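Here the structure comes first, spelled out in structure tokens, and everything after it is commentary.
Just so it is clear, the model here is predicted, and its values are computed rather than measured.
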Amino acid sequence: MSIVKINALTVPAEQREVLEQRFASRAGAVESSDGFEWFELLRPVEGTDQYLVYTRWRSEEDFQAWMEGPMKAAHQGGGSGEGGRPKPAASGSSVWSFEVVQQAAPKPKA
């Protein structure tokens, strides 16, 4: 079965739009990676300031290959905000890992 990686990003209210725009502009950046299965950016509705970045992969090896290749290249240069890449929109980050042990999809309508 697949593995899931969830990156919990702490995002101050004034940076939410910035974060969402950055994810929108990166469309296609992960979709062609070997072993990639799914992506979702989840906006908090109430009770938290954490966005969840949900990705699903065929294997841990596929995720690690993406982390060491395309993802690392896309995030090089840090986030100084001075002349280079813009400062990060999130003030904190934590990655959670899960194995998919059960799944379900909607049943086709008759």
Side-chain angles (χ1 to χ4, degrees):
M1 283 265 195
S2 304
I3 63 146
V4 169
K5 299 293 182 172
I6 298 174
N7 191 357
L9 300 172
T10 302
V11 183
E14 66 274 9
Q15 290 292 92
R16 286 181 166 200
E17 188 175 334
V18 171
L19 180 86
E20 292 180 24
Q21 288 176 352
R22 287 182 186 168
F23 270 94
S25 69
R26 53 112 326 267
V30 69
E31 287 87 335
S32 60
S33 296
D34 192 38
F36 170 80
E37 296 179 351
W38 197 259
F39 161 84
E40 290 179 322
L41 175 62
L42 306 176
R43 177 192 302 137
V45 176
E46 60 185 332
T48 185
D49 59 355
Q50 289 190 315
Y51 275 72
L52 299 181
V53 182
Y54 173 101
T55 57
R56 183 170 162 154
W57 299 86
R58 178 179 53 207
S59 69
E60 179 68 27
E61 293 76 21
D62 290 324
F63 172 73
Q64 291 301 328
W66 174 74
M67 287 287 291
E68 290 302 316
M71 196 285 297
K72 190 174 186 178
H75 289 84
Q76 297 243 322
S80 67
E82 299 175 12
R85 295 178 40 81
K87 289 179 65 174
S91 62
S93 173
S94 178
V95 177
W96 306 332
S97 299
F98 299 88
E99 291 179 328
V100 177
V101 294
Q102 293 183 25
Q103 61 186 15
K107 292 183 179 182
K109 300 204 188 250

Subject >> Within one Ile-Leu-Val-Met-Phe-Trp-Tyr cluster: V53 and W38, side-chain cutoff 4.5 Å >> reply: no

Subject >> Same cluster (ILVMFWY, side-chain, under 4.5 Å), F39 and M67 >> reply: yes

**OP:** Nearest 0.5 Å please: distance from the CG atom of N7 over to the CD atom of Q50.
**Re:** 9.5 Å

**OP:** Hey, could you give me each pair passing salt bridge (Lys or Arg N to Asp or Glu O under 4.0 Å) that has a residue in residues 96-110? Not counting sequence neighbours.
**Re:** none

**OP:** Under the side-chain hydrogen bond (donor to acceptor under 3.5 Å, both in side chains) rule, collect the residues that match up with S25, sequence neighbours excluded.
**Re:** none

Original post:
What pairs with Y51 under ring-ring contact (aromatic ring centres under 6.0 Å, His included), at least two apart in sequence or on another chain?
Top reply: none

Original post:
If you round to the nearest 0.5 Å, how far is CZ of R22 from CD of Q15?
Top reply: 7.0 Å

Subject >> Which atom of A89 lies closest to which atom of V11, heavy atoms considered >> reply: O-CG1, 4.0 Å

Original post:
Which residue pairs satisfy the salt bridge (Lys or Arg N to Asp or Glu O under 4.0 Å) criterion with at least one member in residues 9-21, sequence neighbours excluded?
Top reply: E20-R43

Subject >> Between OG1 on residue T55 and CD1 on residue I3, distance to nearest 0.5 Å >> reply: 7.5 Å

Original post:
Given the rule that I, L, V, M, F, W and Y join up when any side-chain heavy atoms are under 4.5 Å apart, are I6 and W66 in one cluster?
Top reply: no

**OP:** In sequence, state the C-alpha distance, the side-chain angles, and the governing distance for Q64 and E60, and then conclude on side-chain hydrogen bond (donor to acceptor under 3.5 Å, both in side chains).
**Re:** CA-CA 6 Å; Q64 291 301 328; E60 179 68 27; 2.7 Å; yes

Original post:
Which value, rounded to the nearest 0.5 Å, describes the distance between K5 atom NZ and Y54 atom OH?
Top reply: 12.5 Å

Subject >> Residue pairs passing the salt bridge (Lys or Arg N to Asp or Glu O under 4.0 Å) test where at least one lies in residues 44-59, sequence neighbours excluded >> reply: D34-R58, E37-R56, R58-D62

Original post:
In a check of side chain to side chain contact (heavy atoms under 4.5 Å, CB included) between L9 and each of L52, L42, L19, which one passes?
Top reply: L19

**OP:** Could you tell me which residues satisfy salt bridge (Lys or Arg N to Asp or Glu O under 4.0 Å) with E31, sequence neighbours excluded, listed by chain and number?
**Re:** R26

Original post:
Would you say V100 and W96 are hydrophobically clustered, going by side-chain heavy atoms of ILVMFWY under 4.5 Å?
Top reply: yes

Original post:
Parallel, tilted or perpendicular: which describes the rings of W57 and F63, with under 30° parallel and over 60° perpendicular?
Top reply: perpendicular

